[in-house]
Visitor: 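Please find one structure pasted underneath; my questions will follow.
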There are 2 protein chains.
Amino acid sequence: MLQTHGVKPTYQRLAILGVVAETRLHPTIRSLHAVLVKQIPTLSKTTLYSTLELFAAKGLVRSLTIDPSEVRYDGVPELHHHFYCAVCRRVLDVDITCATGRIGELHGHRVDEVHGYFKGVCRDCRSKETRSARRSSPPKLKDKLRRSPHV
Amino acid sequence: MLQTHGVKPTYQRLAILGVVAETRLHPTIRSLHAVLVKQIPTLSKTTLYSTLELFAAKGLVRSLTIDPSEVRYDGVPELHHHFYCAVCRRVLDVDITCATGRIGELHGHRVDEVHGYFKGVCRDCRSKETRSARRSSPPKLKDKLRRSPHV
DNA sequence: GTATATGCAAAGAATTTGCACTATG
DNA sequence: CATAGTGCAAATTCTTTGCATATAC
């Protein structure tokens, strides 16, 4: 997989690609580090940053800027779009194909990537919303869950 | 305009909304500050951050995360999508209406915002690309134009 | 006069860089 | 061995916060 894309398969890179490709949780650098350190105790975030940038350049992963505070990574090769829940901060896959054919050209610009970002409140969080929750004042950022769920 | 959205019209807010609403350059906090300080020398970035967060909450502007390094703001009320040029880092409007009707509901999730982000190289930068430019090594981030164009 | 808005300075957090060390072929 | 990958620590930059001052109704 790595060789076919011109990337030297090191121990770290294989482990990183494994996690990104098998999960659909759209991990962040931080969550990847938290998970992978168990397996590779010396793994640094520097390596994660450079490796994921390399993977993105080689088309092995896509980087998502749907979460305003952290970059998310997607290792599923099929082009698809995403939903971001402002409450639980999960990123979910959306399977509509609309606009995905626009890769190539648009208004004379060369289009390399198309990202469809839908933002709102996911089904799970909607059902948990209570009147008391709606009534409370908006949380400060540091009280919000800045940390996304594992991986 | 401000009163109708439940926002007290202060001097700063009027000036900020004026710039964001009249330009189509999708300004950042930094570029807004650079422009507005000429008119309001004491204007702080703190005020810009809190004001634009307020405007976004009231639906007066939309915040775009298409530029991975800075939040962009869009004051044009009509729903539209965006193109990001990886070379000159401009954000351009795109007039396709695809997926804009998805606001409301999707897979049971409540959708408040839809963002269509197209990324690539804009028409102007394509025509400027020379063989020597293509041959040069990728620039370091600090050598890239981190600063977006004015406003 | 009380509530809200503004602004400064400091803190917080994600990302990038410099450089030394290590592993790969 | 030479090249390329890794990792630590420091630096950079965007964003948020705490609190003091100023403004508005």
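What you see is a predicted model; the values in this text were computed from it and never measured. All chains are named by letter (A, B, ...) in the order of the sequence lines, taking the proteins before the strands, and each is independently numbered beginning at 1.
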Visitor: Identify each atom pair where a protein N or O and an N or O of nucleotides 3-6 of chain D are less than 3.5 Å apart, giving names and distance.
Guide:
from	atom 1	to	atom 2	distance (Å)
D:dG5	OP1	A:Arg13	NH1	3.0
D:dG5	OP1	A:Arg13	NH2	3.1
D:dT6	OP1	A:Thr10	OG1	2.5
D:dT6	OP1	A:Gln12	OE1	3.3
D:dT6	OP2	A:Arg13	NE	3.4
D:dT6	O3'	A:Gln12	NE2	3.1

Visitor: Pull out every residue in residues 55-62 of chain B that has a heavy atom closer than 4.0 Å to any atom of DNA chain C, ordered by number, or say none.
Guide: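 Heavy-atom cutoff 4.0 Å gives no residues at all.
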Visitor: Rounded to the Å, how far apart are A:Ile29 CD1 and C:dT16 P?
Guide: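 Answer to the nearest Å: 9 Å.
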Visitor: Mind calculating the distance between CZ (B:Arg30) and P (D:dT12) to the nearest angstrom?
Guide: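 So the CZ-P distance, B:Arg30 to D:dT12, works out to 17 Å.
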Visitor: Once you round it to whole Å, what is the distance between C1' of D:dT13 and CG of B:Asp67?
Guide: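 The distance from CG of B:Asp67 to C1' of D:dT13 comes to 13 Å, rounded to the nearest Å.
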Visitor: With a 4.0 Å cut-off, would you call A:Glu105 and B:Arg126 a salt bridge?
Guide: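 Counted as a salt bridge, because a side-chain N and a carboxylate O are separated by less than 4.0 Å.
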Visitor: Does a donor on one side chain sit under 3.5 Å from an acceptor on the other, for B:Thr47 and B:Arg13?
Guide: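 Judged by distance alone, the side chains do not pair up.
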Visitor: Compute the ring centroids of A:Tyr117 and B:Tyr117, then answer whether they are less than 6.0 Å apart.
Guide: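 Yes, they do, as the ring centres are separated by less than 6.0 Å.
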Visitor: Check step by step if salt bridge (Lys or Arg N to Asp or Glu O under 4.0 Å) holds for A:Arg110 and A:Asp112.
Guide: CA-CA 6 Å; A:Arg110 192 188 79 213; A:Asp112 300 321; 3.1 Å; yes
Visitor: Might you point out which heavy atoms bring B:Val37 and B:Leu43 nearest each other, and give the distance in Å?
Guide: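 Nearest heavy atoms, B:Val37 then B:Leu43: CG2-O, 4.2 Å.
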Visitor: Regarding B:Asp67 and B:His26, is there a side-chain donor-to-acceptor distance under 3.5 Å anywhere?
Guide: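 No - no donor-acceptor pair under 3.5 Å links their side chains.
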Visitor: With no hydrogens and no angle check, just 3.5 Å: does a side-chain donor-acceptor pair link A:His80 and A:Asp95?
Guide: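 No pair is found: no donor N or O on one side chain lies under 3.5 Å from an acceptor on the other.
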Visitor: Choose from D:dC14, C:dT17, D:dG18 the nucleotide whose nearest atom is closest to any side-chain atom of A:Thr46.
Guide: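 Shortest atom-to-atom distance from the side chain points to C:dT17.
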Visitor: If the cut-off is 4.0 Å, is B:Tyr49 near the phosphate of D:dT16, judged by side-chain N/O to OP1 or OP2?
Guide: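 For D:dT16, neither OP1 nor OP2 has a side-chain N or O of B:Tyr49 closer than 4.0 Å.
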Visitor: So A:Asp124 and A:Arg90, salt bridge (Lys or Arg N to Asp or Glu O under 4.0 Å) or not? Walk me through it.
Guide: CA-CA 11 Å; A:Asp124 295 350; A:Arg90 285 186 302 165; 3.1 Å; yes
Visitor: Whole Å only: how far is the CD atom of A:Glu70 from the C1' atom of D:dT15?
Guide: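 Going from A:Glu70 (CD) to D:dT15 (C1'), I get 13 Å.
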